[in-house]
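Computation of the quantities below employed the complete heavy-atom set of this structure, encompassing side-chain atoms and omitting hydrogens, waters and symmetry-equivalent molecules.
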Amino acid sequence: MRKLVLFTVTVICMFFLNPQEVMAKVLDTTPPQVSIAFDNNQAERGNCFTKPRTAVITVKEENFDEALVEGSISFLGADEQSAPPEIKWQHEGDYHYGTIVFSDDGTYEFRFFVRDLLGNGCGDIFYGNSVCPNRFIIDTGMKEPGITGIEDQGVYVDEVAFTVECFDPDLTETDITLYRKDEEGNRREVSSDFLLDESSSDQSVSMTFGNFKRLPENDGVYDLDVSMRDAAGHRKSKSVRFRINRFGSRFIYDDILQRMLTEQGRYVTELNEDLIIHEYNPSMLLTGSVSLRITKDGRPMDAVECTVSSDAQNGNADGAGWYGYHYRIASSNFKKDGLYKIEISTEDILGHISDTSSFGIFFWVDRTPPEIIRVTGLEKGTIDKNCAKVCYKAGDTVGIASVEITVDGKTKKIIDFTDPTLTSGEFEIKENTRRQHIRIVVRDLAGNVTDTDAKNYHATFAFHPNVMVPQNRALQVVGELLTCFRR
C-alpha cells in the first residue's frame with residue numbers, strides 16, 4: 001500500500017540588478033581619498049597668476065562613479081557668457097585622475113567633493129604645496145581700453161558722445177582723462193565738464209562723455225588719455241585725439257596789433273614793426289582760399305607786402321594739434337599817413353568761412369601835428385580892459401585828444417569835443433599888476449603836439465604870449481615901471 005506524503009516547496013527568486021553595488025554595501029566602508037595638485041604655484045601678488053594653471057585631481061576609490069562628483073567651478077571672465085572649464089577623467093583601476101585646465105583670464109572659485117557608491121564622502125582633500133587652490137585669478141595680460149563713439153583724428157561738427165570701458169579680472173587702477181588744447185597749445189583738463197555717467201565694479205570702470213554744447217569755446221582739439229593697471233603689474237593705455245569744429249577759424253594778434261586795436265592805440269605816429277596775425281583752425285584750410293585785403297582811406301592797396309607761413313603739417317600747430325597759419329604784414333605798407341583797414345578771409349575743408357571783419361582791424365597813421373588855426377584877443381601885449389577874453393580854434397585831420405590852456409601858471413585841460421577834428425573855445429585873462437604868460441598846448445589822438453611855448457612854433461597870426469591886463473592906467477604905468485626895474 002502506497003503512503004502519500006504531502007510537503008510544500010517554497011522557491012525564493014532574487015534578482016540582482018547590480019551585484020557590485022550589493023557587494024559594495026556589504027564590504028566598502030572606506031571613504032574616497034582625494035588629492036589635488038596645481039602645476040603653477042607662482043602667484044605674483046596675493047592670489048593672482050600670470051600664467052595658466054592645470055589642476056590634477058587624484059581619487060583613490062574602488063567604487064568610483066563620475067556621476068557622484070559634487071565639485072563646482074565658478075568662473076567670471078571678460079565675457080559674461082564664458083563657461084567654466086570641465087573636468088576630464090581617466091581611470092586606472094582604483095585610481096581616477098581628473099584634469100582641469102584654467103587658461104582663460106578671469107576669477108575662479110573651485111570646490112571638489114565626491115562620494116563612492118556606498119555613499120561614503122571624501123574627507124579632507126590633500127593639496128600638498130598648491131597655492132590658492134580654491135579661489136584665484138588668472139591674468140595673463142590685459143585687453144586695451146575700449147573707446148566707442150569717437151575715432152582717432154576724427155572731426156565732428158554735430159553732436160559728440162563717447163564711452164570708455166576698462167575691464168580686467170584683477171583691475172587695480174584706472175585713469176580716464178579728457179583734455180582740451182586751445183589754439184595756443186595750452187592743455188587743460190575738462191573731464192568733469194563733459195562727464196555724463198560713471199559706473200565701476202571690482203573688475204571694470206565705465207565712463208560716458210557728452211554734452212558738448214554748440215559754443216565757440218567748445219571748438220578745439222581734444223585728447224582722451226586712458227590707462228589701466230592690474231594686480232599682476234600689466235599696464236595698458238590708449239589715446240584718442242579728436243576735433244570739434246563748428247565755427248571755423250580763430251584769429252590771434254600779436255602784442256603790437258592788439259594794442260593798436262584798443263581805442264587809445266588805434267592812433268600811431270609811425271609803425272616800425274611788422275604786424276603778425278595767427279589763424280588757427282581744428283581743420284585744414286582749402287588750398288588757395290586765403291584772401292588778404294588792406295585799404296588806405298577806403299581804397300584798396302594794390303601792392304601789399306605780406307608773407308604767409310603754415311605749421312599745419314600733420315595737424316600740428318605749435319604742438320597743439322591745431323592747423324596754424326601765420327600772416328606777417330610788413331610795416332612798409334603803412335609809411336604814409338592815413339586810415340588803414342586789414343581783413344583776412346579763409347575757408348576750411350568743412351566749408352566754414354572765417355574772417356577778421358568782426359574784430360575791426362583798423363588804425364590811423366598820423367605824423368602831422370594838430371594846427372592852432374586862430375587865436376584872437378592876444379594881438380597886443382597890453383590889453384586895455386579889466387578882463388580880456390581870448391578865443392582860439394584848432395583842428396586835426398584825425399582828431400584832437402586834448403587842449404590845455406595855461407594862464408599865469410594855472411592850467412585848464414579840455415578833453416570833450418563835439419567835433420574832435422575841429423574845435424574852438426575861449427578863456428579869460430583877469431586884471432593883474434604884472435604881465436601874465438599864456439600857453440596853449442594841443443595834442444592829437446596819435447600823440448602829436450603843437451605847443452605855443454615850443455621853440456619851433458611859429459604862429460600864422462598875431463600872438464603875444466605875455467600880456468598885461470591892468471586895473472587902470474595908473475596901475476599899468478606902475479606895472480611897467482616894476483617890470484623895467486626887475487630887468
T177 versus D175, side-chain donor and acceptor atoms under 3.5 Å | yes
Could you check if a side-chain atom of P133 sits within less than 4.5 angstrom of a side-chain atom of F110, using non-hydrogen atoms only?
-> no
Start with the C-alpha gap between S289 and T346, add the side-chain angles, then the distance that decides, and say whether side-chain hydrogen bond (donor to acceptor under 3.5 Å, both in side chains) holds.
-> CA-CA 5 Å; S289 70; T346 62; 5.5 Å; no
Answer with yes or no whether the side chains of S332 and E305 bring together a donor and an acceptor at under 3.5 Å.
-> yes
Considering only NZ, NE, NH1 and NH2 on the basic side and carboxylate oxygens on the acidic side, decide whether D453 and R439 come within less than 4.0 Å.
-> yes
All side-chain hydrogen bond (donor to acceptor under 3.5 Å, both in side chains) counterparts of S283, not counting sequence neighbours = N245
For S291, all residues meeting side-chain contact (heavy atoms from CB on, under 4.5 Å), sequence neighbours excluded = S345
Using side-chain hydrogen bond (donor to acceptor under 3.5 Å, both in side chains) as the criterion, list what pairs up with T406, not counting sequence neighbours.
-> T411
Donor-acceptor pair between E279 and Y327 side chains, under 3.5 angstrom = yes
Decide whether Q203 and T107 meet the rule of one side-chain donor and one side-chain acceptor closer than 3.5 Å.
-> yes
What's the verdict on ring pair (Phe, Tyr, Trp, His ring centres under 6.0 Å) for F136 and F38, showing C-alpha distance, side-chain angles and the deciding distance?
-> CA-CA 12 Å; F136 55 90; F38 284 82; 5.7 Å; yes
F417: partners by ring-ring contact (aromatic ring centres under 6.0 Å, His included), with sequence neighbours left out = none
F334: ring-ring contact (aromatic ring centres under 6.0 Å, His included) partners, not counting sequence neighbours = Y340, F363
How about N129: does its CG atom have over 12 heavy atoms from other parts shown lying under 6.0 Å from it?
-> no
I256 versus D274: any side-chain heavy-atom pair under 4.5 Å?
-> no
Pair T368-D337, side-chain donor/acceptor within less than 3.5 Å = yes
Listed by chain and number, what are the side-chain hydrogen bond (donor to acceptor under 3.5 Å, both in side chains) partners of T140, not counting sequence neighbours?
-> D105
Pairwise side-chain contact, I73 with P85, heavy-atom cut-off 4.5 Å (strictly under) | yes
To the nearest 0.5 angstrom, please state how far the CD atom of Q33 sits from the CG atom of D124.
-> 12.0 Å
Only counting residues at least two apart or in another chain, list the ones meeting side-chain hydrogen bond (donor to acceptor under 3.5 Å, both in side chains) with S402.
-> none
Worked check of side-chain hydrogen bond (donor to acceptor under 3.5 Å, both in side chains) between Y127 and N134 = CA-CA 10 Å; Y127 289 100; N134 300 123; 3.2 Å; yes
With distance as the sole criterion, is a donor-acceptor pair present between the side chains of N281 and S249 under 3.5 Å?
-> yes
Side-chain H-bond candidate by donor/acceptor type, R243 with Q153, under 3.5 Å = yes
Kindly write out the residues that satisfy ring-ring contact (aromatic ring centres under 6.0 Å, His included) with F64, not counting sequence neighbours, or none if the list is empty.
-> W89, H91, H96
Taking only residues at least two apart or on different chains, which pairs with a member in residues 195-214 satisfy ring-ring contact (aromatic ring centres under 6.0 Å, His included)?
-> F162-F209, F194-F212, F212-Y222
Applying ring-ring contact (aromatic ring centres under 6.0 Å, His included) to Y95 and not counting sequence neighbours gives none
Report the C-alpha separation of N218 and R246 in whole Å, then their side-chain angles, then the decisive distance to 0.1 Å, and conclude whether the side-chain hydrogen bond (donor to acceptor under 3.5 Å, both in side chains) test is met.
-> CA-CA 9 Å; N218 285 339; R246 296 162 175 158; over 6 Å; no
With a 4.0 Å cut-off, would you call D94 and K60 a salt bridge?
-> no
Heavy atoms of other groups near D39 CG, more than 12 under 6.0 Å | yes
Qualifying salt bridge (Lys or Arg N to Asp or Glu O under 4.0 Å) pairs, either residue in residues 393-402, two or more places apart = none
Sequence neighbours excluded - ring-ring contact (aromatic ring centres under 6.0 Å, His included) pairs with any residue from residues 257-278 | Y267-W364, H278-H326
